Amino acid sequence: MEQLTIQPFLTVANYHLLEQQLNKILHALTTTKDKNVILAVRGLVDTEVTTKLALSAAETMLIDQLFAVTDRAQGDAFLEQLKPYVIPFKPVTASTLKAIFKKEKKLKLPNLEALDFQQICYLAWDDAGTHRKYVVLEQNGQLKGIKGIFANNTVRGICAICNRHSDVGLFTTSIKGQVVGTFTNHSNYICADSQTCNEHVTDMNRTLEFFERITQK
């Protein structure tokens with residue numbers, strides 16, 4: 001596939017959305033020979049993509065190659081071709097994280113070198129020793145963080161961040177109230193595996209709503 005001259009225009013969530021829609025087409029191709037069913041699935045995918053993504057003519061030409069995919073190898077090639085057009089998560093350094101969580105005297109940092117910033121919609125990591133989970137999200141162009149306690153035991157349920165059925169645990173955050181000495185606690189079930197959760201995020205609006213909800217006093 002020829003690479004077009006287009007500036008990066010896909011968010012990580014957009015990329016995951018296209019990956020999800022591609023899988024729907026491939027699933028239809030491998031489970032039925034009925035051309036009408038396959039056509040219907042492609043139609044649903046087209047509606048989902050055009051509804052969620054505002055594309056220019058050139059961008060549409062690139063994304064429309066999705067509908068020419070007939071097997072997994074072509075699908076993988078299509079996704080690989082999209083990567084140069086993905087806007088990565090805002091650059092993060094150890095100093096950045098220490099500044100965000102400046103009140104944490106013994107902050108355990110994630111392995112930033114192992115992260116693919118073109119694959120994450122938000123940054124999250126765990127401190128097993130304290131049972132704390134740290135979450136960093138870009139909001140209005142700025143990186144903001146929240147920390148909370150993540151329960152050890154997991155259950156099957158709906159994640160408040162990605163809205164998918166997964167292995168989830170209770171994430172409890174505590175925000176200082178407007179009155180001195182008071183706190184507001186928020187408890188939500190979120191994915192135990194933040195990497196898997198990131199892969200499930202196809203709509204950043206829901207993720208941002210979650211973040212705003214748990215940071216309200």
Side-chain angles (χ1 to χ4, degrees), residues 8 11-16 83 86-217:
T11 65
V12 177
N14 292 158
Y15 178 84
H16 290 155
K83 286 184 178 179
V86 176
I87 303 164
F89 186 76
K90 198 175 183 71
V92 175
T93 64
S95 297
T96 305
L97 296 180
K98 288 177 182 177
I100 292 173
F101 297 102
K102 56 187 175 184
K103 292 185 179 180
E104 294 287 286
K105 294 181 179 179
K106 295 183 179 180
L107 179 65
K108 181 180 179 181
L109 296 172
N111 182 1
L112 296 175
E113 293 182 358
L115 289 175
D116 182 350
F117 287 94
Q118 281 193 310
Q119 287 290 326
I120 62 172
C121 301
Y122 69 92
L123 173 62
W125 72 97
D126 299 286
D127 184 339
T130 61
H131 303 296
R132 283 197 180 108
K133 180 182 282 288
Y134 298 88
V135 180
V136 175
L137 195 71
E138 185 177 350
Q139 191 178 38
N140 300 321
Q142 299 293 321
L143 289 173
K144 297 186 178 181
I146 190 74
K147 67 177 182 180
I149 301 298
F150 190 77
N152 280 332
N153 54 316
T154 59
V155 296
R156 293 294 291 179
I158 301 296
C159 171
I161 297 179
C162 68
N163 204 42
R164 290 279 293 273
H165 200 257
S166 184
D167 290 328
V168 297
L170 197 62
F171 180 56
T172 302
T173 57
S174 184
I175 305 298
K176 284 186 178 180
Q178 295 179 345
V179 179
V180 177
T182 64
F183 294 86
T184 300
N185 292 329
H186 296 275
S187 293
N188 295 271
Y189 281 98
I190 65 173
C191 287
D193 187 332
S194 297
Q195 180 177 342
T196 300
C197 185
N198 260 292
E199 292 170 359
H200 288 165
V201 174
T202 59
D203 185 350
M204 275 304 293
N205 288 329
R206 288 185 176 181
T207 305
L208 288 168
E209 286 169 5
F210 162 78
F211 190 82
E212 290 169 359
R213 187 170 67 250
I214 67 172
T215 53
Q216 288 177 352
K217 295 182 180 180

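Computed from a prediction, not measured in an experiment: that's the story for all the values here. In what follows, residues are counted from 1 in the order of the sequence shown.
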Can you see which heavy atom on Leu115 is nearest to which on Leu123, and at what distance? CD1-CD1, 3.3 Å
Please determine which of Leu97, Ile146, Thr96 meets the side-chain contact (heavy atoms from CB on, under 4.5 Å) test together with Val136. Leu97
Measuring only between side-chain heavy atoms, which start at C-beta, is Gln119 closer than 4.5 Å to Lys83? yes
So, using side chain to side chain contact (heavy atoms under 4.5 Å, CB included) as the criterion, who are the partners of Gln195 when residues are at least two apart? Asp193, Glu199
Go through Ile214 and Phe171 one step at a time and tell me if the side-chain contact (heavy atoms from CB on, under 4.5 Å) criterion holds. CA-CA 10 Å; Ile214 67 172; Phe171 180 56; 4.2 Å; yes
Calculate, to the nearest 0.5 Å, the distance between atoms CE and CZ belonging to Met204 and Phe211 respectively. 10.0 Å
Within this structure, what is the CG-CD1 distance for the pair Asn14 and Ile87, rounded to the nearest 0.5 Å? 8.0 Å
Flag, side chain of Asn153 to backbone of Gly169, donor-acceptor distance under 3.5 Å: no
Stepwise, does the salt bridge (charged side-chain N to carboxylate O under 4.0 Å, His left out) test hold for Asp126 with Arg132? CA-CA 6 Å; Asp126 299 286; Arg132 283 197 180 108; over 6 Å; no
Flag, side chain of Asn198 to backbone of Cys121, donor-acceptor distance under 3.5 Å: yes
Heavy-atom check, side chain of Ile120 versus side chain of Val12, under 4.5 Å: no
Give me the atom names and distance for the closest heavy-atom approach of Leu112 to Phe117. O-CE1, 4.1 Å
Hey, what do you get for NE2 (His200) to CG (Asn163), rounding to the nearest 0.5 Å? 11.5 Å
Is it true that atom CZ of Phe89 has more than 12 heavy atoms of other residues, nucleotides or ligands lying nearer than 6.0 Å? yes
Determine the minimum heavy-atom distance between Ser194 and Ala124, stating which atoms define it. OG-CB, 3.5 Å
So, for Ile190 and Lys133, which heavy atoms are closest and what is the spacing to 0.1 Å? CD1-CD, 3.7 Å
Contact summary for Leu143 and Lys90, nearest pair of heavy atoms: CG-CD, 3.7 Å
For Ala160 versus Arg213, what's the shortest heavy-atom pair and its separation? CB-NH2, 4.1 Å
So how far is it from Ile100 CD1 to Lys147 NZ, rounded to the nearest 0.5 Å? 13.5 Å
Any side-chain heavy atom of Thr196 within less than 4.5 Å of one from Cys191? no
Enter the distance from Lys98:NZ to Glu104:CD here, rounded to the nearest 0.5 Å. 13.0 Å
According to ring pair (Phe, Tyr, Trp, His ring centres under 6.0 Å), does anything in residues 132-152 pair up with another residue at least two apart or in another chain? List the pairs. Phe101-Tyr134, Trp125-Tyr134
Could you state the interatomic distance from CD1 (Ile149) to CG (Leu170), rounded to the nearest 0.5 Å? 11.0 Å
